Structures are given as C-alpha cells and as structure tokens.
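Right, one structure below, let's go through it.
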Amino acid sequence: MISFSLFIVAAFSSSSTYQLNNYSIGPGATNNATSTTYSAQANLGETAGTANSTTYTAHNGGVPPETLNTPLAPTLSNGGGTYYNELQFILSNSNEPANATYDIAVSPNAFTTTYYVQASGTLGGTPVFQTYTAWGGASGQFMIGLSNNTTYEAKVSAAYGKFTNSEWSPIATSSTTAPSITFSISPTSINLGNLTAGSVITGGTDITASLTTNAESGANVFVNGEYGGLHSTSKSYTIAAVTGNLAALSEGFGLQGVSTTESSGGPLTLQSPYNGSANNVGIESSAFRQIYTTADAVTGGSGTIAIQAKSASTDPAGTDYSELLTFSASNEY
Amino acid sequence: MKSKLGRWCGPILLAFGLSLGLTISFSSPLADALGLSITTSPVSVILSATPGSTVTTQLHVQNNEPVAVPMTIKLFTFTAAGTTGKPALLVPTAADTFLNWAQFSPSSFVAEPNTPETITMTINVPTTASLGYNYGVAIEPVSTAALNGSGTTVNGSNLILVLLNTNSANEVHSIQIASFTASKKLYDYLPVSFSINIHNNGNVFLAPTGNVFISKNSSFAPGSIIDSIPVNTGGGNVLPGTNRIFQVQWNDGFPLNVPKEIDGHQVTKNNQLVYQLKWNFSQTSKFRIGQYYAKLVMAYSNGARQVPITGMVSFWVIPWKLLFLLLLFIVAFIGLIVAVFYLKHRLKKLQKMVEKK
C-alpha cells in the first residue's frame with residue numbers, strides 16, 4: 001500500500017538570488033504559484049520509493065520539471081562558403097507548441113565562451129527569446145558581426161508558458177569563410193590594326209572584366225595606363241588619352257564601358273566618364289581611375305569595355321602605337 | 001630590432017624578386033588567350049605594431065586559369081576617395097618611404113592552376129614610425145601579352161588594402177558624428193534609409209560600430225525599442241581627417257519596398273535601384289504608421305576604452321496612398337448606403353403616390 005503524506009517540493013522556491021516568501025499548496029496533488037515573472041510548482045507525493053504501474057512511474061515525491069521537448073538542431077548556413085562575417089540560421093519548430101519562444105546560443109570555441117543571438121542578429125551576453133516567426137520562420141535570420149574564417153557552433157532552447165525551458169538542442173556547426181575577391185580580365189591584348197588618320201578605330205574585341213566578391217561593402221574596378229595614351233616608342237609620340245567625343249576631336253584614345261551584368265548581388269555600375277555612347281570615351285593615365293563599382297557583394301559581375309582610338313594626319317606614322325592598361329579590383333578599407 | 005642592413009634587405013630582395021619575375025622568360029600563350037583570373041583573400045587587413053617591432057600577415061592568392069601564371073607584387077598607397085570607404089589609389093612617390101618597410105615572401109612566384117598560394121607580408125616598423133600607414137598590395141600576373149602592330153595589352157590586378165597602426169604615443173583617437181539623417185521626413189512605406197556621416201578628427205584610422213535603435217518614444221524608454229539595426233558590421237575604417245558615410249536601412253515593415261528583380265537581376269535606372277512594393281501578409285503585425293525616432297549609438301576604441309557617440313533623428317511613416325484608398329472605400333461605402341436609403345425613401349414616396357392615385 002502506498003502511503004501519502006503532505007510533501008511539498010517546490011521546484012525553485014528559493015535560490016541564492018530569489019526567495020519565494022509565501023507559498024501554499026491546496027488539498028490536491030499539485031499546485032502552481034505564479035507571478036508575472038516567475039512560476040513555481042509543487043505536488044503531493046510519496047515520501048520515498050517509487051510507485052510503478054505498467055503505464056506510469058511516480059518518483060519519490062519530487063516534481064519532475066515539465067520541460068518542453070528538446071528542439072531539433074538549428075540549420076546553419078554559410079551561403080555555400082560565401083558568408084565571412086555572418087551565418088544564416090533557421091530554427092525548427094516541429095517539436096514545440098505553436099507559441100513557444102526560442103533562444104539561440106552561439107560559440108566560436110565549443111561553448112567555452114557563449115554568446116546569444118540578439119533580436120537584431122548581433123551576438124550578446126544575454127539570451128533573447130523570440131517566437132519562431134520573429135526569428136525569421138522558415139526563411140531564418142542572420143547572426144551577424146562574426147569573425148571570418150571561424151567555426152561557430154549553435155544550439156537552441158525553447159520556452160513556453162509555465163514550462164521549464166527545454167534542454168539545449170543538438171549542436172549545429174558552420175564556418176565563416178574569408179572575405180575574398182575574384183577578378184578576371186580577358187583578352188590580354190587587343191590589336192587596333194592600322195590607325196587610319198581621321199577615322200575612329202575600335203578594337204575588334206571588347207575587354208571583359210569579371211568580378212565576384214563576398215565583401216558586403218562591395219568592390220571597385222580601377223583602370224590605369226602606362227603611357228596615358230597610345231605611345232610609339234619608335235616615333236617618341238603619344239596619341240594622348242582623352243575624355244570626349246573622338247568623332248569631334250582631331251585625335252585621341254579612350255575607353256568606353258559597353259555593358260554590365262551580374263548573376264546576383266551588386267549591381268555592378270559603370271562610372272563616369274566611361275558611360276558614354278557612340279564615340280564618347282573616357283581618359284586613362286598612370287593615375288587609378290574608377291571604372292566600375294558595386295556597393296554590395298556581387299557574384300558573376302561582368303563589364304565589357306571598348307577601346308577606341310583616332311589619329312591625326314599630322315601624327316608620325318608608326319606601327320607600334322601601344323598602351324598597357326591595368327585593371328585593378330579592390331574592396332573598401 | 002633589426003639592423004640597418006636587415007631593414008634594407010627587404011626592399012632589395014623585393015626589387016630583385018620583381019626583376020627576376022620580369023626577366024624570367026615565361027610565356028603562357030594559353031593564358032593570354034584565356035585571360036587572367038585571380039582570387040585573393042582577405043580583402044583588407046588591419047595591422048597593429050609598435051615602432052621598432054615587426055608584424056606579419058598572410059595573403060592568399062589563387063590562379064583560377066588552367067595554366068600556370070607568373071605573378072608579381074606591387075605596392076601602392078591610398079587615401080580616401082569620397083565618403084564611401086573607397087580607396088583613392090596613389091602611385092608611390094619618393095616620399096612614401098614606409099613602403100620600403102614591407103617585404104613579401106615569396107615576392108614573385110609562379111601560380112599553378114587552382115592552387116592556393118600564401119604570401120607572407122612582413123612590415124618592419126622603424127622606431128621613427130608614428131600614427132598609421134596605408135598599403136595597397138597589388139598581386140598581378142606578369143604581363144606576357146604581345147601585340148601585332150598597334151593596340152593595347154591588358155593586365156589585371158587584385159589589390160589588398162593593408163592599414164598599419166603603429167600605436168605611437170602621439171596618436172589621437174577621436175571621431176564625431178558629422179550628421180545622422182533619414183533620407184526623408186515622411187515615408188509611405190519602409191524601408192527608411194539612414195545616412196551616418198562620421199568624421200575622424202583624430203590622427204589615426206578608427207572603425208566605429210554600433211546600432212540604430214528605432215522607437216515611437218523619443219525617450220527610448222525600456223521596452224519601447226521596436227528594432228535595432230547594426231551599423232558598420234564589416235568594420236569599415238574612417239581614415240584620419242576624412243569623413244565616411246555609412247548607410248543603413250530599417251526594413252522591418254509591412255508592406256515593404258524591395259529592389260525590383262527581373263530573372264534574378266536587380267533592375268536599375270540611371271544607376272539607381274528600382275523598387276517595388278512587396279506584400280508579405282505574414283508580416284502584417286509590422287504595419288508601420290506614425291512618428292518614429294531613430295537613435296544612433298556607436299562606439300570606437302580610444303586605445304583604453306570604448307567611447308560612445310550618439311545621435312537622434314525623427315521621421316514619419318504614413319502610408320498615405322493606402323489610407324487614401326481606404327478613405328475612398330469608406331466614402332464609397334457610405335455613399336452606397338446613403339444612396340440605398342435615398343432610393344428606398346423615393347420608392348416609398350412613389351408607392352404612396354401610386355396608392356393615392
């Protein structure tokens with residue numbers, strides 16, 4: 001026979017920080033005491049021993065905390081190896097009540113140091129509980145301000161009403177990458193053929209500059225030249241690079257952006273004075289001049305640039321008028 | 001501390017390496033035909049070293065073309081170009097002696113296809129160094145392209161921006177908010193664009209970070225904050241004596257103007273993004289209306305502690321087009337009811353007249 005006596009077990013009736021001064025239990029088996037901030041729970045139970053049936057087990061009077069189900073591990077993503085200062089996380093709400101709230105603990109060192117994702121996505125020292133929807137739902141959210149080239153672990157706990165917070169979920173792991181820039185240029189030479197005096201000559205091929213960067217502040221492409229125009233070493237003469245309409249000028253050399261495109265991100269935009277049409281070209285010189293820019297990360301950014309030249313009948317004839325153009329890509333400081 | 005010889009060895013070795021790279025008879029016609037493609041990482045580096053010490057960092061390079069390419073390293077310096085964090089790259093002059101403090105190992109090399117190469121950059125900071133120095137490290141293929149007649153040869157270069165802080169005693173760490181503004185006083189829908197203009201009135205580069213907090217309460221009482229938007233999460237620097245504008249957007253609203261995309265590409269007009277209204281009905285709780293306040297809280301390190309700087313701006317969100325449509329609907333509805341009552345009244349009158357007759 002199981003004998004019952006009044007046995008009160010308050011789950012957290014006191015601690016080094018809090019004390020529950022006034023607490024009572026009714027004549028039933030369990031009771032809950034709540035305030036807007038805290039809740040405590042107790043029950044009546046046996047003083048010792050364990051009562052078993054084929055269906056239930058009653059332990060010796062202690063209140064097994066009514067914990068929520070342990071959430072599933074969050075999904076962490078580094079965007080296919082492109083995120084360097086952020087990671088995307090998506091929570092799973094399949095194990096929990098509809099209005100459960102969640103907090104996300106994050107660590108770069110196996111939880112020797114623990115941070116919590118704040119509502120804004122930054123990492124902070126205190127847990128922030130939000131609903132599944134507030135954490136971005138099925139689309140998730142980004143935790144931001146992370147270090148690059150670092151492996152982060154993340155776990156989730158859930159809270160709901162008077163339930164004790166769930167156990168931490170299994171850990172998900174993902175690594176930030178390093179910010180990088182990939183810059184391609186082709187072809188590496190363009191022949192202009194004969195520079196017929198008085199005619200605007202266009203290179204048979206356009207230059208294609210391609211740019212991909214995961215840096216969220218974007219990138220820039222600059223151009224500079226060795227001679228500041230088409231230079232003939234044999235004739236010691238330079239057809240100077242200009243900004244203007246070659247059709248109206250007696251001679252000159254310059255660049256004209258033809259088009260820009262990107263697979264995603266960006267957009268990549270052409271900068272003045274290279275955004276002219278017809279025979280309007282932009283100058284180049286030994287100074288670095290910006291030809292393309294993007295204010296955001298870009299994938300598959302591409303710009304085509306045409307070369308145009310015009311010689312005057314007074315220019316010394318030569319077959320070695322040439323220029324070395326260097327296109328340089330950089331991010332921001 | 002390194003000897004004078006040691007300090008000069010670097011530049012000499014670098015120059016030797018560069019000239020060696022230039023004089024190697026390495027022709028890669030396939031690369032000329034294909035073009036050049038290089039990936040470099042990181043994109044910028046912040047280094048800190050006291051005068052008389054040495055500091056190193058690693059730069060990573062990968063040649064993405066299927067043929068080996070001889071590579072070389074060139075050094076430039078830079079300052080701020082405008083207020084967006086864009087570098088104004090400068091061709092070195094004789095006065096830029098700090099470029100000679102940098103050495104690279106290797107200083108020239110042949111980049112094998114799709115093989116990561118690590119370059120160690122070492123800066124020997126002399127005891128005479130003070131404040132900050134800006135290096136533009138250009139990693140580029142040695143141009144081997146040949147012309148048949150007149151034309152242009154084309155080369156590509158990846159630049160890594162390196163900022164060195166020498167932590168010297170005469171450093172002044174100080175920045176201030178030159179302005180904190182919203183792009184408009186009145187918005188019909190989010191996003192709200194904020195412009196944060198930071199002026200560095202010190203003498204060494206600084207990277208302030210922080211948040212813009214949004215509230216309907218100008219006192220930002222506890223619990224009244226609706227949202228917070230991180231500022232400068234990328235850790236962008238403000239160079240001494242210059243301004244840098246950080247742009248952030250508050251876009252947690254319903255409905256929301258988002259960049260228009262066609263086939264995954266953002267649409268631009270006159271180099272500006274084109275926006276369209278997005279109605280995500282799962283976000284209806286984020287319908288914004290009324291006056292809002294934005295408080296900027298940023299902080300920077302003065303070497304000993306974090307110094308906060310703050311600013312505030314207010315703006316209105318009035319979805320007037322939506323409200324106008326709603327008003328129109330209400331007026332039409334009331335008009336309809338009035339019309340129905342009027343017609344009923346007239347009908348009754350007519351019925352009475354008919355009955356009298």
Side-chain angles (χ1 to χ4, degrees), chain A residues 85-86 119-122 133 137 144-145 148 178-195 203 207-210 213 215-217 220 222 230 261-264 266-267 269 286-288 290 293 295 307 319-333, chain B residues 31-44 60 64 76 78 81 84-91 134 136 138 140 143-161 163 205 209 211 227-230 233-234 236-237 239 264-266 268 271 273 282:
Chain A
N85 62 355
E86 62 187 2
S120 62
T122 54
T133 306
I144 58 176
N148 63 58
S180 66
I181 187 166
T182 297
F183 184 57
S184 312
I185 200 96
S186 72
T188 55
S189 63
I190 292 176
N191 287 305
L192 288 168
N194 290 327
L195 298 175
I207 298 165
T208 300
S210 304
T213 182
E216 65 182 23
S217 56
N220 311 285
F222 301 90
L230 286 177
T261 185
E262 61 279 320
S263 303
S264 64
T269 55
S286 59
F288 289 87
Q290 189 185 30
T293 189
I307 302 292
T319 56
D320 63 341
Y321 280 97
S322 65
E323 171 64 304
L324 169 60
L325 293 174
T326 301
F327 291 85
S328 306
S330 91
N331 295 85
E332 298 186 350
Y333 50 80
Chain B
D32 293 345
L34 290 169
L36 307 159
S37 178
I38 309 163
T39 298
T40 49
S41 175
V43 297
S44 65
H60 304 280
N64 303 312
F76 300 93
F78 66 90
T84 61
K86 194 181 296 174
L89 294 158
L90 303 170
V91 176
N134 308 334
E140 65 180 51
S143 178
T144 57
L147 283 170
N148 181 19
S150 295
T152 61
T153 52
V154 182
N155 203 1
S157 170
N158 284 27
L159 279 148
I160 298 173
L161 306 176
L163 290 96
F205 60 85
T209 57
N211 287 277
D227 204 357
S228 71
I229 309 147
T233 53
N237 287 277
L239 300 184
H265 299 279
Q266 293 185 335
T268 57
N271 272 354
L273 285 172
S282 69

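The sequence lines fix the lettering, A, B, ..., with proteins before strands; numbering per chain opens at 1. Everything quoted here is computed from the prediction, not taken from an experiment.
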If I take atom [atom1] from residue [X] and atom [atom2] from residue [Y], how far apart are they, to the nearest 0.5 angstrom?
X      : Y      : atom1 : atom2 : value
B:N158 : A:T182 : CG    : OG1   : 7.5 Å
B:T40  : A:N331 : OG1   : CG    : 7.5 Å
A:L325 : B:T153 : CG    : OG1   : 7.0 Å
B:L163 : A:Y333 : CG    : OH    : 9.0 Å
A:F327 : B:L36  : CZ    : CG    : 12.0 Å
A:I144 : B:T233 : CD1   : OG1   : 5.5 Å

* Structure fact -> The side chain to side chain donor-acceptor pair (under 3.5 Å) partners of A:T122 (sequence neighbours excluded) come to A:S120

* To do: Just do the side chain to side chain contact (heavy atoms under 4.5 Å, CB included) check on B:S150 and A:L230 with the steps written out, would you?
  => CA-CA 8 Å; B:S150 295; A:L230 286 177; 5.7 Å; no

Please look at [X] and chain B and tell me whether the side chain, the backbone, both or neither of the residue comes under 4.5 angstrom of a heavy atom of that chain.
X      : result
A:A119 : neither
A:S210 : neither
A:E216 : side chain
A:E86  : neither
A:N191 : both

* For A:I185 and B:G156, work out which heavy atoms get closest and say how close. => CG2-N, 3.7 Å

* Search all heavy atoms of B:L159 against all heavy atoms of A:S330 and return the closest pair with its distance. => CB-CB, 3.7 Å

* **Closest-packed option against chain B by number of heavy-atom pairs under 4.5 Å, given A:G266, A:S263, A:G137** => A:S263

* Among B:S282, B:S44, B:G149, which has the most heavy-atom pairs under 4.5 Å with chain A? -> B:G149

* Asked: How would you list, by chain and number, every residue that makes a ring pair (Phe, Tyr, Trp, His ring centres under 6.0 Å) with B:F205, sequence neighbours excluded?
  -> none

* **Interchain contact, B:I160 with chain A, by part (heavy-atom threshold 4.5 Å)** => neither

* To do: Measure centre to centre between the rings of A:F288 and B:F78, then say whether the value is under 6.0 Å.
  => no

* To do: Evaluate the side-chain proximity of A:P187 to B:V154: yes if any heavy-atom separation is below 4.5 Å, no if none is.
  => no

* Asked: Does any non-hydrogen side-chain atom of B:L89 lie less than 4.5 Å from one of A:F222?
  -> yes

* **Over 12 non-hydrogen atoms of neighbours within 6.0 angstrom of CG in A:N194** => no

* What do the steps show when you test A:S180 against B:S41 for side-chain hydrogen bond (donor to acceptor under 3.5 Å, both in side chains), and what is the final call? -> CA-CA 4 Å; A:S180 66; B:S41 175; 5.4 Å; no

* CA sep, side-chain torsions, deciding dist, call: B:S157, A:T326, side chain to side chain contact (heavy atoms under 4.5 Å, CB included) -> CA-CA 7 Å; B:S157 170; A:T326 301; 4.0 Å; yes

